[in-house]
Each structure stands twice: as structure tokens, then as C-alpha cells.
Amino acid sequence: MISENPFAKFREECETALAYALKKTLPEIRVEALSLSKPPNIDFGQLASSLCFELAKKLKQKPIALAERLVSAMPISDFSLIEKTIAAGGGYVNFYADFRKFSDLTLSSVGQLNSKYGFVRTDNPVRVIVEHTSVNPLHPIHIGQARNPMLGDALARILECRGHIVSRHYYIDDVGRQSSVVAYGYLKLGKPKPDEKADRFVGKIYTVTCCLIELNRLKREFELAKAALLSDEAAKINKRLAEWTSIAAELEEKIPTLFGKLLAKIGEDENPEEEINQLNRAYEDGEPEAKNLIREVSELCIQGFRETQHRVEVQYDSWDWESDFVWSNRVSKVLQKLKTSPFVYTEDGVLEFDAEKVVCTLKLKGKMGLRENYEVPPLTLVRADGTTLYTTRDVAYTLWKFDRADRVVNVIGMEQSLAQLQLKLVLYALGYSRYADNFVHFAYNLITLPGYKMSSRRGRYISFDEVLDEAVERAYEEVLKRSPQLPEDEKRDIANFVGIGAVRYALVDVDPSKPVIFTWDRVLNFETNSAPYVQYTHARACSILRKASRKPRNADFGLLKEKLERELVLTVASFPDTFIAATEYLKPNLIADFANALADKFNTFYNALPVIKAEPKELSDARIALTDAVRIVLHNALSLIGVVAPEKM
RNA sequence: GGGCGGGUAGCUCAGCACGGAUAGAGCAUCACCCUCCUAAGGUGGGGGUCGUGGGUUCGAAUCCCACCCCGCCCGCCA
């Protein structure tokens, strides 16, 4: 007898028993919910109902008196997993599991389902596209952006284990001025071969080119302002000029050769800014030369991304080029359709989308969680020169996604909340309300450096690679201290999965809505509440099982009487519930928290009670089965957030 | 000005979707525990106006209202 969700089975029994008792003692009463929840302490049972507090007032009776009546009417003997119920705490009905049977059910289930345990399949599998990362191909992924792939990949893993058909997409935003800027710099340098990791190389070109272009532009503006006798304006420009001049000095010191070359080459151009704008237009028009150039730089940068992603075991099923949607006329087709709707208007030659009108006409305020008096700002769809904007193109992309999926989850920073809302409203305006309803913006907050925001244009960022390098390096120091006897390649291997695991865990563990200030200590934690801690616990369980070197054939689960053992069984039994909550509410951090809590309990158990040497053998076998269950659940939980579960470390 | 998100121990964070029993961890700090299955571990101590003020409720960190502080957004940028 096994169950894919042992705790839910217990809960169902409690619900049935309570409903029966309620009907029997108070037949006239109708309640909305049975208010069953986990009590704060295992001593109060494994489930408790606060129902009697709600009924007390209605019936003008004391809660505890009601609880006692319900308890005495409870048909306990009809249920296999309920040992007893008790009225306590002023009016709670506490349900106690029959731990012999409950432990048996739980540990047998985990043992048999093994690597599938916990991953309760949905009854309603759908095709889901998770779009994540989508860092512009201009510079390496920096630590602020790295939160995105870690969350996105965990979401994809979780949804997949839930039984959905998941596809992971990377949207390459190659349309826009910034791509032309880096391509321009690359061209000026004579399309050099990278002498380092490709994205790092491209990032340097981008930053230096940005800086030189910005200086060039500000200098002209300054002269113009001075000539026009606009002294306030000139002063403002001068201030920014000073900022960029100091950035230039910084860059010149850091990368003198590249800086010198670009300075000389860009200096040859009369008007670099205009060259960039031309390149941008040519690219949108699909002119072969521009296409080849921008694709070449972008591909170069993406090659670097792939290396990083390979390191952290993040994969994509599809790389979607924004430019393809422009060239294939998907964008213009969407625009044509939008123009026939009553929700767009032209103002000064610019096509605008009236988001507010959509919300009012289709009465979406309540549904979208907007205040009645809030007016959604309009969205510009097409510039006066006829070119499209980012969100416009994203509409075409979103429709393309819905040709392939029932649900779309976009992992995008919360600073884009308004744009994502407007995009959703465009879907409604086009009549695709089913799409809109299944369009999810998974928003996360920024990671900043102490004192300032990261800025790729200014070259102020810590790259994800640097963080990973440092993490692995520090992990290696730890391995040297703790396991000097291991062979060198094993040390390196451990340092790698520990360092990378630590970073992945740290970025998934905090609630995505919280802003994070990056510090090394924060990400490179090797103690409690970190991946290394959970990994260590897993390795520890493996070690016990290795030493035990036998299958627990004679386990008597009735002998697991210690509170620590029962808490462990209960936690293991609750994993499916946690998994379901994580998928339904899209909260990967629940998985990290769960893994940490389970590791905590297991370590306490480990320090307090012997496993292999426990007497009698039936108890020892039961503890071995428990250890194995913990091992399996830790492994499964870690796999959901992409962290290696090692057998040794 | 409007919108969104955040504000819980000295620091970093859980808990809030679904209101319940003494508000939990880690770091830091102090004192302990390896003849014993991995000490990246465990045990114990001290440390809290849950931003502020109202309200709803038998009961509020959790729900509602107002306000304060921090961040982001409100572009013919992405």
C-alpha cells in the first residue's frame, strides 16, 4: 500500500471524519471550510481544526465544549491513519496520526516511488512556455540578471515535474539601437576574434563604444547649448559630460589597448551617432550587410552565454530572435489587426494604444486588480518614422508563443510591470482573452550593488561568471580545509558543484519580490540554509546507507517513537504538498526552504540517535528506511532547483 | 502627482495567497559536544513597539483604511 501524497491521505481522512462528526452532532450547521491546518507543534497532533472558534459565537457555546462534542462523535475506528482526536487549546480539535501506519505508508511510498516521489502529476497538463533570461546580447550576464535564469529554470523544472509540457525560451533582443552600437564598435575594430570569453569580449566593446558615443554626443550638445546661450542647459550637459569623462578614464585604465583603438577609429567618423542609426534602420529593413554584421556580434555574445549556462546546467529549447518577427512581417500583421480595433488612435503621426479604453470597455479593472480611479497609461506602438517599439514587437512574439502553448510565463524584472500589463491588454483588445488569461508576468526585484545600480553601459557590473568563479574558488578552499585527503580531481569536482550550487540556491531562496543588495557573503554561504548545507546532509545520509550496506527488510515502523523521528516522517510526508504549492503559486523558493528544513531535522536526528547501531535490528532497519527516505526527498527537492545532490563531499 | 513592490531580532531572511495555540531560522556573540554512522554538523543562552495609527474579528505579522520610509515604473528606450 503506497500513496503519492501520504500527508494528503491523512488529511482526507481527517476531513471526512470531522465532516461526519459535524453532521452527526450539529446537523443543522453548514460550514464553508473545515479549517484544518498544521498545528505549531507536533505535540498538538499532526492536523488541527479551529472550526469550533467560528461556530462558538453562532451557537452561543464555548469553543472547547463544541470541540469535545465533535471529538466524542468522531468515528475513529473507521479510519486507518487516525489514532485519536483530542479537544484542546480552548477549542481546537487535534488529530493524531497512527504513526505505525503513517510511517509505514510514508516510508514505503518514498522508497517505491523513489526519484518520482513528491512530483504529483497534474490532472490537467498544458503546454507551457517559460521565457527567461533573455539578456541582450551585448555583454556578459551580470549578477543582477542572473536571478532571472535561476528562477526561470527552477520554474521550468517544477512545472515539468508537475506533468506540464514545458518549453524554455530565450528571447534574443537584437532589434534596437544598443545592438547597432556594439556592432558598430565591432566593425570599427575590424571584426576581431575574441582573445577571451566571447561575451566578455563583446561586453568590453559595447561599454567602450557606448562611452565614446555618449561623450561625442554630449560634446556636440554642449557646443550647441553654449552657442544658443542656454547656460542652464549647458551646465546640465557639462555635468553629464564630467560623469562620462570619468567613466572614460576608468575604462582607459582598465582596457587601454581596446580603448585606444576604438577612440582612434571612432574619431575618424564625422558623425558616429548617425552611422549607428543608419545601421539600426538597415537591420530592421533586413539589409544583408547589416544582418550579417549584427547577427555575427550577437552570435558571438550568445556563444559566451551558452558556456555560462552550460556551467550552471540551464538549458533552452528555443532561441527566438526578435528580428525574425520583424522580418517575417508578423509585427506588421499584428499592427494591421490592431488598427481595425477601436483601441488605437494616431497622434502627431504616432500610433498609440489606448490601454485605458480596453480596461473600461471590457470591464477589466477588477479582474486585473487595478483601482477604479487608476488610468492605465497609453502605449506607443509605432514611432513617427514608422519603426516599431519593443512592446509592439513583443505582442507579435507573444501571439507566436500562444500558437505553441496554452500558457506563457515570462520571467521579467518587475520594472517592466507596466509594459507587461499593457501587453496583456493588447491581447484582450485583439480578442484573445483566453491568451491574456493565461499570460503570466513572473516579476522579480532588482539586485543592486552596495551604493549603486549595475550599469552595463557604464561597465559597472559583476558578471555571473565572476561570481561563479569566486564561488568555486572559495568552495575549493573549504574542501582543502575539510577533506585534504581526497584526490585533486575529486576536490575540484566537489568545489564545482558546491560553489555553483551555493549560487543557484542563494538566488532562488529569497522571495523574488524582495530587492537584493549583492554582497559576496550573501551568495557564497556554505553554512546552514545554503545549498552546501543541504548537499552535505544528503551526502551524510548516503554515507550512512553506504556503511549500513543492507536493505531494511525487517523494519518495524512502530518503533519510530521519538519525536525527532516522527517530525522527520511528517516532513517527508509533506513534500508532495510543498511541491504542489510551489507549482500552483509559482514559488520555487518554497522548495529551497523545504529542503533546508528537512536537512535541519535530519541533522538533529543524526546527532541524537544512532541508525546502524540502533537496537533492536527492527528499529535500526526502520531508521535506515527513514534515512533513505530523507536522502530521496533531499535529492528530489534539490533537482527542482538545479542543485547537484552528491553522494560524497 | 499616480501606480506597483518592499519595510518582521544588530545584520540577512521565513511566516502573509488560506487570520488561530509561546512570531521562526541563519549570521554575529557567549558556553558546550568528535574513543560514536561525514563537525560544511549538533545542543543551550541572550536578542522582537512584526514601519506608524486606526478598523474588522472570539482572535491580526497575516484582512481593510489612512499615513511614513526605501526602491522601481509612468519614454516616439529596452
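Owing to the predicted nature of the structure, the values given are computational and were not obtained by experimental measurement. Residue numbers begin at 1 in each chain, while the letters A, B, ... track the order of the sequences.
Where stacking is scored as ring centres under 5.5 Å apart with planes under 30°, A:Phe44 registers as stacked on the base of B:A21.
Within the nucleic acid shown, A:Asn529 has no heavy atom closer than 4.0 Å to any nucleic acid atom. Using a 4.0 Å heavy-atom distance criterion, A:Ala384 is classed as a base contact. Using a 4.0 Å heavy-atom cutoff across all strands shown, A:Asp348 reaches at least one base atom of the nucleic acid. Looking at heavy-atom distances under 4.0 Å, A:Val382 makes no contact with the nucleic acid at all. Within the 4.0 angstrom heavy-atom criterion, base atoms lie near A:Ile612. In this structure, A:Ala597 reaches neither bases nor backbone, as no heavy-atom distance under 4.0 Å exists between it and the strands shown. Within the nucleic acid shown, A:Pro63 has no heavy atom closer than 4.0 Å to any nucleic acid atom. Counting any heavy atom pair closer than 4.0 Å across all strands shown, A:Leu51 reaches no nucleic acid atom. A:Arg482 comes within 4.0 angstrom of a nucleotide base, judged by non-hydrogen atoms across all strands.
With both pairing distances under 3.5 Å, B:G26 is matched to B:C11 as a Watson-Crick or G-U wobble pair. Across all strands shown, B:A17 forms no Watson-Crick or G-U wobble pair with both distances under 3.5 Å.
B:C30 shows a glycosidic angle more than 90° from 0 and is accordingly assigned anti.
Distances were taken from every side-chain heavy atom of A:Tyr536 (C-beta onward) to each of B:G42, B:A40, B:G15; the shortest belongs to B:A40.
Atom NZ of A:Lys587 is separated from atom CG of A:Asp593 by 9.5 Å, given to the nearest 0.5 angstrom. Expressed to the nearest 0.5 Å, how far CG of A:Leu34 lies from CD of A:Glu32 amounts to 11.5 Å.
Neither OP1 nor OP2 of B:C27 sits under 4.0 Å from any side-chain N or O of A:Tyr533. In terms of phosphate contacts, A:Thr528 brings a side-chain nitrogen or oxygen within less than 4.0 Å of OP1 or OP2 of B:G41.
In the interface, the side chain of A:Asn94 is paired with the base of B:A21 through a donor and an acceptor atom under 3.5 Å apart.
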